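All chains are named by letter (A, B, ...) in the order of the sequence lines, taking the proteins before the strands, and each is independently numbered beginning at 1. What you see is a predicted model; the values in this text were computed from it and never measured.
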Amino acid sequence: MIRTRFAPSPTGYLHIGGVRTALFNWLLARQSGGSFVLRIDDTDAQRNVSEALQPILDGFRWLGIDWDEGPDVGGTHAPYYQSQRAESHVAAAERLLASGHAYRDYARPEELQQLRQQAERDKVAFVYDRRWMATDDEQARRFEAEGRVAVVRLKMPRQGDCVIDDLIRGEVRVAWASEQDHVIRRADGTCLYHLASVVDDHDLEITHVVRAEEHLPNTPRQVFILESLGYQRPVYAHLPYVAEPGGTAKLSKRKLKQYLKNQDFAALMRHGESIAERANLEIDSDTFNPVIVDFYREIGFLPEAILNYLLLVGWALDGERERFTVDEMTQLFSLDRVTKSPASFDPQKLLSFQAERMAELPIDERVKLVLPFAEKAGWVTSEADRQRVRAVTAAAGERIRVAGDILDFDFCFIADDQLNYDAKAFQKRIVGASGAIELLNGFAARIDSIQPWNAATTEASLKQYCAEQEVGIGQIIHALRVAVTGTAVGFGMFDTLEILGPAAVRTRIAAAVAKAQN
RNA sequence: GGCCCGUUGGUCUAGCGGCAGGACACAAGGUUCUCAGCCUUGCGGCGCGGGUUCGAUUCCCGCACGGGUCACCA
């Protein structure tokens, strides 16, 4: 029975790289009928754990990554907050002390600091000579009489190698001598991550530790702890990290500014900001960026698109197939096809997955996704408005890549006198196009005769008008588009006319003609 | 700096000793009332040096480069 876990610290946001790691863990559990556990690594005494945790849980829920055990859902191995398991950590530290795998160390921080600096000056690797190690109670009392307080340190081996069998990297061999006597328990009695992590993984019966490769250098000390405690080793798999756009360094939330120099990343960011602005979203400037999952939810991405994209960051089935539903990825994922090298985050490819998924959604689904954005923009106050949103969504088709893109079609919703004209297009298609104004007026004169008013009838009427005037349809259609939408680009002209209705079309043509003659 | 990991077009990747393939992006053409889309075509890659071999992107060694990590953080 496979049991995997994802163990976030409550930081207030869900990082895209973390999602990838969680996804792989989740897939592994789901495909084998095992369990996926969410454990909260909050040993670093945070103040608002629940507040900082909420965005993470919300993010996973939105993505559809559910957990069998963990916060909110509980489980047979509760509690799932590392801070609430402190007793177990302390007991483990005591056992390590008793078995001689750890020792009480009375060094003062500044003394250690000095030794480290000395080693650096001498250009030798720092190895603590354990000079403040208490070998017995009496010595401990002597140190304590000097006002010293003890931390608990691992008494690491200084001979031989630690061999880690990694499912992704193969055999990794590290000399024990290159390891430090890591502190596992602070002077205040609380325990540190490495101890806590190993003990919790054991207590939660985690079978597969699948995590980012930055943890690989931590593994020997964890192996030492768990073997000293007599635990069985989990299977290890260290994933390559998700790298920054166009680079090879680890993707980090802190380097947003730097990523904005990357064109594709900047384009995604602008895309998001423009949606947020037009939908009057209350965004948290701290988490509204493409490194954080919230960003995608806010602007209307589909969870499946994100999961599919992330699946392919560091994993490939055969190098050909790239599209997977969640069920398919659950069935087909395997750790032995995980890549060894870091993969850089590619905003364009993510968007292309998103666009594809969005395009194949039934219209009802798309309307459901798009509607909240139209509502936030203040466009929807009646059933007629809702129908119009639907009509625009259908007409826009694949132009709506993320749900928030509905906002591109504001010309269908705003009052006629609020229309903004693209100056360049207006100049080129109306002012500067000979005969454009006459043609617009001529078509406007026929509006009343078009009944019923829809895409087919407006098209027939306009074509007939063009034939009578002996002009190509292109002669009028560009001018008409600018006149009624304000821009030179958009979806089909006749869909546009149908949606706007005869009154708006007449008013807008008149306004454009007046403006052009001014 | 020590230790560890990695290196196939701009990006994600396939490749398990025999003509380096796919996807995104990019470019050109076609289609449409514009845009998007779609179709066709194109551009572009095995970090370097040795070795083994008839033959190396593939196996071995070295180097270079990139990255991760070295806390009383997680």
Side-chain angles (χ1 to χ4, degrees), chain A residues 7-11 41-44 46 82 105 107 109 112-113 116 119-120 123-126 149-153 164 166 168-169 172-175 177-180 182-188 190-194 196-197 212-220 238 240-241 243 245-250 263-264 309 312-323 337 339-353 355 359 396-401 405 408 425 429 459 462-463 466 472-478 480-482 485 487-494 496:
Chain A
S9 337
T11 50
D41 281 9
D42 59 346
T43 43
D44 197 24
Q46 305 249 351
Q82 200 155 60
D105 181 55
L112 237 31
Q113 181 68 11
R116 281 210 181 85
E120 200 166 327
K123 291 196 180 354
V124 295
F126 170 69
V149 283
V151 299
V152 177
R153 274 182 196 282
I164 301 157
D166 190 283
I168 293 166
R169 272 146 227 289
V172 178
R173 190 174 285 268
V174 184
S178 66
E179 284 285 315
Q180 300 295 320
H182 306 279
V183 174
I184 52 172
R185 191 176 177 188
R186 298 182 180 92
D188 68 7
T190 57
C191 292
L192 267 61
Y193 169 72
H194 292 296
S197 176
E213 79 179 290
E214 66 222 55
H215 288 280
L216 189 51
N218 297 335
T219 309
H238 287 92
Y241 53 84
T248 48
K250 189 171 70 171
Q263 272 193 5
D264 300 337
Y309 171 70
L312 264 13
V313 177
W315 182 84
L317 181 68
D318 54 13
E320 299 285 326
R321 181 165 171 200
E322 297 205 316
R323 300 275 325 257
R337 301 218 36 105
T339 315
K340 288 189 176 76
S341 50
S344 110
F345 173 72
D346 183 354
Q348 280 188 323
K349 189 146 186 174
L350 170 58
L351 187 60
S352 119
F353 271 80
E398 299 183 355
R399 292 168 187 81
I400 296 179
R401 294 182 296 174
D405 286 342
D408 289 346
R429 296 302 191 182
E459 178 167 9
L462 190 73
K463 278 186 171 156
C466 287
I473 199 165
Q475 295 271 60
I476 182 172
I477 218 162
H478 299 298
L480 186 55
R481 179 186 303 283
V482 175
T485 73
T487 96
V489 299
F491 49 76
M493 190 69 256
F494 306 107
T496 307

Nucleotide-resolved protein contact map, nucleotides 34-44 of chain B, B/S/- at heavy-atom distance under 4.0 Å: BBBS-------
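- Formation of a donor-acceptor pair under 3.5 Å by the A:Arg337 side chain with backbone atoms of A:Trp315 is not found in this model.
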At under 4.0 Å between heavy atoms, which parts of nucleotides 69-74 of chain B does protein reach? Answer with one letter per nucleotide, 5' to 3': B base, S sugar-phosphate only, - none. S-SBSB
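- On the C1' atoms, B:rG45 is 26 Å away from B:rG29, given to the nearest whole Å.
- Heavy-atom neighbours of A:Gln263 CD from other residues, nucleotides or ligands within 6.0 Å: at or below the threshold of 12.
- Nucleotides B:rC46 and B:rA20, compared at atom C1', are 8 Å apart to the nearest Å.
- Judged by distance alone, the side chain of A:Asp41 and the main-chain N or O of A:Ser9 form no donor-acceptor pair under 3.5 Å.
- Residue-to-nucleotide proximity on RNA chain B shows that, of A:Gly246 and A:Gly474, the 5′-proximal contact is made by A:Gly246.
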What does the list of N/O pairs under 3.5 Å between the protein and nucleotides 14-16 of chain B look like, with a distance for each?
from, atom 1, to, atom 2, distance (Å)
B:rA14, O3', A:Arg337, NH2, 3.3
B:rA14, O2', A:Asp318, O, 3.1
B:rG15, OP1, A:Arg337, NH1, 3.2
B:rG15, OP1, A:Arg337, NH2, 3.3

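- When the shell of 6.0 Å around CD of A:Glu120 is examined, it contains 12 or fewer heavy atoms from other residues, nucleotides or ligands.
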Applying salt bridge (Lys or Arg N to Asp or Glu O under 4.0 Å) to A:Glu459 and A:Lys463, what does each step give before you reach the verdict? CA-CA 6 Å; A:Glu459 178 167 9; A:Lys463 278 186 171 156; 2.7 Å; yes
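- Distance noted for atom C1' between B:rC33 and B:rU41: 26 Å (whole Å).
- Comparing B:rC43 with B:rC61, their C1' atoms sit 37 Å apart, to the nearest whole Å.
- Looking at A:Tyr309 and A:Leu351, their side chains never come closer than 4.5 Å, going by heavy atoms from C-beta outward.
- Protein atom NE2 of A:His238 is 16 Å distant from nucleotide atom P of B:rG68, rounded to whole Å.
- Partner assigned to B:rG17 is none, using Watson-Crick or G-U wobble distances below 3.5 angstrom.
- A side-chain donor-acceptor contact under 3.5 Å links A:Thr190 and A:Arg186.
- For A:Asp346, the listed nucleotide lying nearest its side chain is B:rG10; candidates were B:rG10, B:rG6, B:rU13.
- Taking atom P on both nucleotides, B:rU40 is separated from B:rG50 by 43 Å, rounded to a whole Å.
- Within 4.0 Å of A:Lys340, counting heavy atoms only, lie sugar-phosphate atoms of the nucleic acid but no base atom.
- In a base pair of the Watson-Crick type (N1 to N3 plus N6-O4 or O6-N4) or a G-U wobble (N1-O2 and O6-N3), with each distance short of 3.5 Å, B:rC73 is matched with no nucleotide.
- Residue side chain A:Lys349 reaches the base of B:rA23 through a donor-acceptor N/O pair under 3.5 Å, judged by distance alone.
- Looking at A:Thr487, its side chain does come within 3.5 Å of a backbone N or O of A:Val489 through a donor-acceptor pair.
- Here B:rG37 sits opposite B:rU31 as a Watson-Crick or G-U wobble pair (both hydrogen-bonding atom distances under 3.5 Å).
- Nucleotide B:rG66 is matched to B:rC5 when pairs are restricted to Watson-Crick or G-U wobble geometry with both distances under 3.5 angstrom.
- Side-chain atoms of A:Arg169 come within 3.5 Å of backbone atoms of A:His238 as a donor-acceptor pair (strictly under, hydrogens ignored).
- Between A:Ile477 and A:Phe494, the closest side-chain pair of non-hydrogen atoms falls below 4.5 Å.
- Protein atom CD of A:Glu120 is 8 Å distant from nucleotide atom C1' of B:rG1, rounded to whole Å.
- A donor-acceptor pair under 3.5 Å links the side-chain atoms of A:Arg321 to the main chain of A:Arg323, judged by distance alone.
- One donor-acceptor pair, N or O on each side, does fall under 3.5 Å between the base of B:rG22 and the side chain of A:Glu322.
- With a 3.5 Å ceiling on both atom-pair distances, the Watson-Crick or G-U wobble partner of B:rC26 is B:rG42.
- In this structure, B:rA56 makes no Watson-Crick or G-U wobble pair, since no nucleotide meets both defining distances under 3.5 angstrom.
- On the P atoms, B:rU58 is 16 Å away from B:rA14, given to the nearest whole Å.
- Taking atom P on both B:rC19 and B:rG55, the two are 16 Å apart, rounded to the nearest angstrom.
- Separating the CE atom in A:Met493 from the CD1 atom in A:Ile473 is a distance of 10.0 Å, to the nearest 0.5 Å.
- Contact of the A:Glu214 side chain with the A:Lys250 side chain is registered, since non-hydrogen atoms from C-beta on lie closer than 4.5 Å.
- Rounded to whole Å, the separation between the C1' atoms of B:rG42 and B:rG9 comes to 14 Å.
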